[in-house]
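Following: one structure in structure tokens, then a few remarks.
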2 protein chains.
Amino acid sequence: MQNSFTEENYLKIIHALSGRDGGEVSTNALAESTATRAASVTDMLRKLAEKGLINYKKYQGVTLTEQGEKVAIKVIRKHRLWEVFLVEKLGFGWDEVHDIAEELEHIPSEILVEKLDNFLGHPRFDPHGDPIPDAKGNLTEPDYKVLTDVHVGEKVRMMGVLDHAPSFLQHLDRSGIKLGSVIEVKEINEYDKSASVQIDGGQSLFISLEVSKNLLVQRR
Amino acid sequence: MQNSFTEENYLKIIHALSGRDGGEVSTNALAESTATRAASVTDMLRKLAEKGLINYKKYQGVTLTEQGEKVAIKVIRKHRLWEVFLVEKLGFGWDEVHDIAEELEHIPSEILVEKLDNFLGHPRFDPHGDPIPDAKGNLTEPDYKVLTDVHVGEKVRMMGVLDHAPSFLQHLDRSGIKLGSVIEVKEINEYDKSASVQIDGGQSLFISLEVSKNLLVQRR
DNA sequence: AAAAAAATTTAGGCTAGGCTAAATTTTTTA
DNA sequence: TAAAAAATTTAGCCTAGCCTAAATTTTTTT
């Protein structure tokens with residue numbers, strides 16, 4: 001049986017909120033993420049549980065079943081592939097594609113996804129650095145670190161973002177920080193943890209703790 | 001205000017059914033095309049009329065208002081552009097794209113359409129030969145003729161199809177008839193109006209009246 | 001370990017878009 | 001042109017997803 005647009009969204013969000021450990025997700029957290037009320041979430045949880053997509057016991061929060069996980073990962077795959085298409089082929093900025101991909105991800109057609117993947121050359125990461133699950137549903141999260149964990153003197157490579165908000169991405173654009181940029185931490189201020197960094201061996205700039213916390217990087 | 005997926009579909013179908021003359025479309029015709037019951041159509045018509053998208057008087061059939069026509073043409077533009085994308089870029093067959101485009105056409109985003117149009121190189125026709133409305137909403141139907149109106153001895157070019165059913169398109173594939181093919185009518189059988197034709201100066205074959213009726217052609 | 005607070009669920013409703021059955025209007029036929 | 005048939009609308013219901021208010025359960029405080 002097919003899952004609705006709304007059901008797919010719930011599964012995707014449960015996946016995101018349960019994190020690497022696959023821990024329980026609360027009704028309230030879901031209400032916040034879906035921009036609905038807790039009572040509405042409860043309704044949907046009952047329905048998803050009946051369909052065997054989540055493990056749900058009243059008052060205890062939910063986790064995805066294996067089947068639910070599969071559906072969620074398919075949606076994530078579609079979302080990220082469409083984002084690549086929008087940026088690489090259509091010329092959108094990385095700050096503009098989220099809402100459109102949010103719609104495209106629910107277009108139902110296995111063949112479409114596979115042809116799209118093929119057309120794009122089987123990309124491994126989306127424009128924000130998030131990994132794209134493969135056709136079999138394998139999703140491997142690379143273990144990047146957050147820039148706040150980098151010591152003075154280290155040179156790292158920018159690999160992704162935690163915050164996907166357009167305003168944050170635009171801020172990075174203005175700062176000249178993009179995927180692949182080399183960031184050298186020159187100095188960290190004790191007081192507010194803001195940092196002085198050098199981008200790609202050129203431009204020096206200050207970045208706030210708020211920014212550092214949302215930058216995923218990798219030692220080189 | 002935004003129109004729903006369903007509302008857009010009604011407008012698109014009313015456009016298609018009212019033909020070149022913009023004539024009234026009946027409730028029953030809409031029920032058939034939308035695969036719903038007449039009573040449901042009546043409900044929707046009331047709603048579309050309230051929104052100013054159609055001219056509706058009880059029992060009298062409907063026509064599109066100028067505003068409704070605009071919406072319909074936008075949907076058609078999106079549908080046909082996506083079909084070009086699916087065939088030209090993703091490698092789908094012309095018989096496989098209708099249902100997927102039916103979903104994609106409702107993705108809301110003006111910018112997306114324009115970027116897609118640009119990416120595709122501003123195509124004028126979709127993979128079935130149907131004209132693509134321009135960004136301003138101009139839709140000019142070329143006046144092709146149907147193959148049944150072609151006399152013996154004439155050579156014409158295949159420009160489109162009236163029937164978009166996969167089975168018909170696949171039949172054309174098997175017959176080697178595609179957009180742009182030159183068709184020379186060698187003989188027409190009085191009895192059943194079937195015809196003997198030559199395709200691109202090579203392959204000769206018989207085509208039934210049913211096929212002739214659905215082929216749009218142009219004198220050269 | 002009670003009491004208070006927070007989280008969650010239940011009860012009862014609402015809207016969009018469907019449906020069936022019955023009523024009404026228009027069209028066709030005799 | 002009146003009766004029959006066909007088309008259309010109205011009335012009353014249904015489901016998916018959402019809502020508020022009230023009830024219930026869990027968690028936190030004192």
Side-chain angles (χ1 to χ4, degrees), chain A residues 1-14 17-19 23-64 68 71-72 75 99 102-103 105-108, chain B residues 1-14 17-19 23-64 68 71-72 75 99 102-103 105-108:
Chain A
M1 168 199 351
Q2 273 282 104
N3 304 300
S4 73
F5 186 107
T6 309
E7 288 166 346
E8 286 188 352
N9 265 334
Y10 268 86
L11 296 173
K12 182 186 63 172
I13 292 172
I14 293 169
L17 295 180
S18 56
E24 282 80 19
V25 176
S26 75
T27 298
N28 265 1
L30 282 169
E32 163 134 31
S33 289
T34 55
T36 63
R37 299 318 187 97
S40 310
V41 172
T42 301
D43 286 347
M44 182 57 79
L45 294 184
R46 198 171 335 95
K47 190 173 155 197
L48 291 172
E50 257 163 40
K51 287 181 111 179
L53 296 165
I54 60 173
N55 304 114
Y56 173 52
K57 268 194 254 154
K58 290 203 295 190
Y59 298 99
Q60 308 302 312
V62 294
T63 58
L64 293 175
V71 175
V75 175
D99 292 352
E102 205 77 2
E103 302 278 336
E105 74 190 7
H106 302 291
I107 303 282
Chain B
M1 168 197 352
Q2 273 282 108
N3 303 301
S4 73
F5 186 107
T6 309
E7 288 166 346
E8 286 188 351
N9 264 333
Y10 269 84
L11 297 173
K12 183 186 61 173
I13 291 171
I14 293 168
L17 294 181
S18 56
E24 281 81 21
V25 176
S26 75
T27 299
N28 265 2
L30 282 169
E32 163 134 32
S33 289
T34 56
T36 63
R37 298 319 186 99
S40 309
V41 172
T42 300
D43 285 348
M44 182 56 79
L45 294 184
R46 197 169 337 93
K47 190 173 155 196
L48 291 172
E50 258 165 39
K51 286 181 112 178
L53 296 166
I54 60 173
N55 304 114
Y56 173 51
K57 268 194 255 154
K58 289 203 295 188
Y59 298 100
Q60 308 303 313
V62 294
T63 57
L64 293 176
V71 175
V75 175
D99 292 354
E102 205 78 1
E103 302 278 335
E105 74 190 8
H106 302 290
I107 303 283

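In what follows, every chain begins at residue 1, and chains take the letters A, B, ... in the order their sequences are listed. When reading the values below, keep in mind they use all heavy atoms of this one structure, side chains included, and skip hydrogens, waters and symmetry mates.
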**Request:** List the protein contact pattern of nucleotides 9-16 of chain C with one symbol per nucleotide (5' to 3'): B for base contact, S for sugar-phosphate-only contact, - for none; contact means a heavy-atom distance under 4.0 Å.
**Result:** BB-----S
**Request:** Report the residue (A:T34 or B:V25) whose heavy-atom-nearest nucleotide on DNA chain D is the more 5′ of the two.
**Result:** B:V25
**Request:** Only pairs at least two apart or in different chains count here, so list each salt bridge (charged side-chain N to carboxylate O under 4.0 Å, His left out) that has a residue in residues 34-46 of chain B.
**Result:** B:D43-B:R46
**Request:** For the pair A:S18 (side chain) and A:I14 (backbone), establish whether a donor and an acceptor sit closer than 3.5 Å, ignoring hydrogens and angles.
**Result:** yes
**Request:** Would you please name every residue forming a salt bridge (charged side-chain N to carboxylate O under 4.0 Å, His left out) with B:E105, sequence neighbours left out?
**Result:** B:K12
**Asked** Does a nitrogen or oxygen in the side chain of A:N28 sit under 4.0 Å from OP1 or OP2 of C:dA6?
**Response** no
**Item:** Set of side chain to side chain contact (heavy atoms under 4.5 Å, CB included) partners for A:A29, sequence neighbours left out
**Value:** A:L17, A:V25, A:S26
**Request:** Could you list the residues that satisfy ring pair (Phe, Tyr, Trp, His ring centres under 6.0 Å) with A:F5, not counting sequence neighbours?
**Result:** A:H106
**Prompt:** DNA chain D: B:S26 or A:Y10, which has the more 5' nearest nucleotide?
**Reply:** B:S26
**Message:** Using whole Å, what does the distance between atom P of nucleotide D:dA16 and atom CD of A:E8 come to?
**Reply:** 16 Å
**Message:** I need the CD-P distance between A:Q2 and D:dA16, as an integer number of Å.
**Reply:** 15 Å
**Item:** Distance in angstrom units between A:E24 CD and D:dT26 C1', rounded
**Value:** 15 Å
**Asked** Listed by chain and number, what are the side chain to side chain contact (heavy atoms under 4.5 Å, CB included) partners of B:E7, not counting sequence neighbours?
**Response** B:N3, B:S4, B:M44, B:K47, B:L48, B:K51
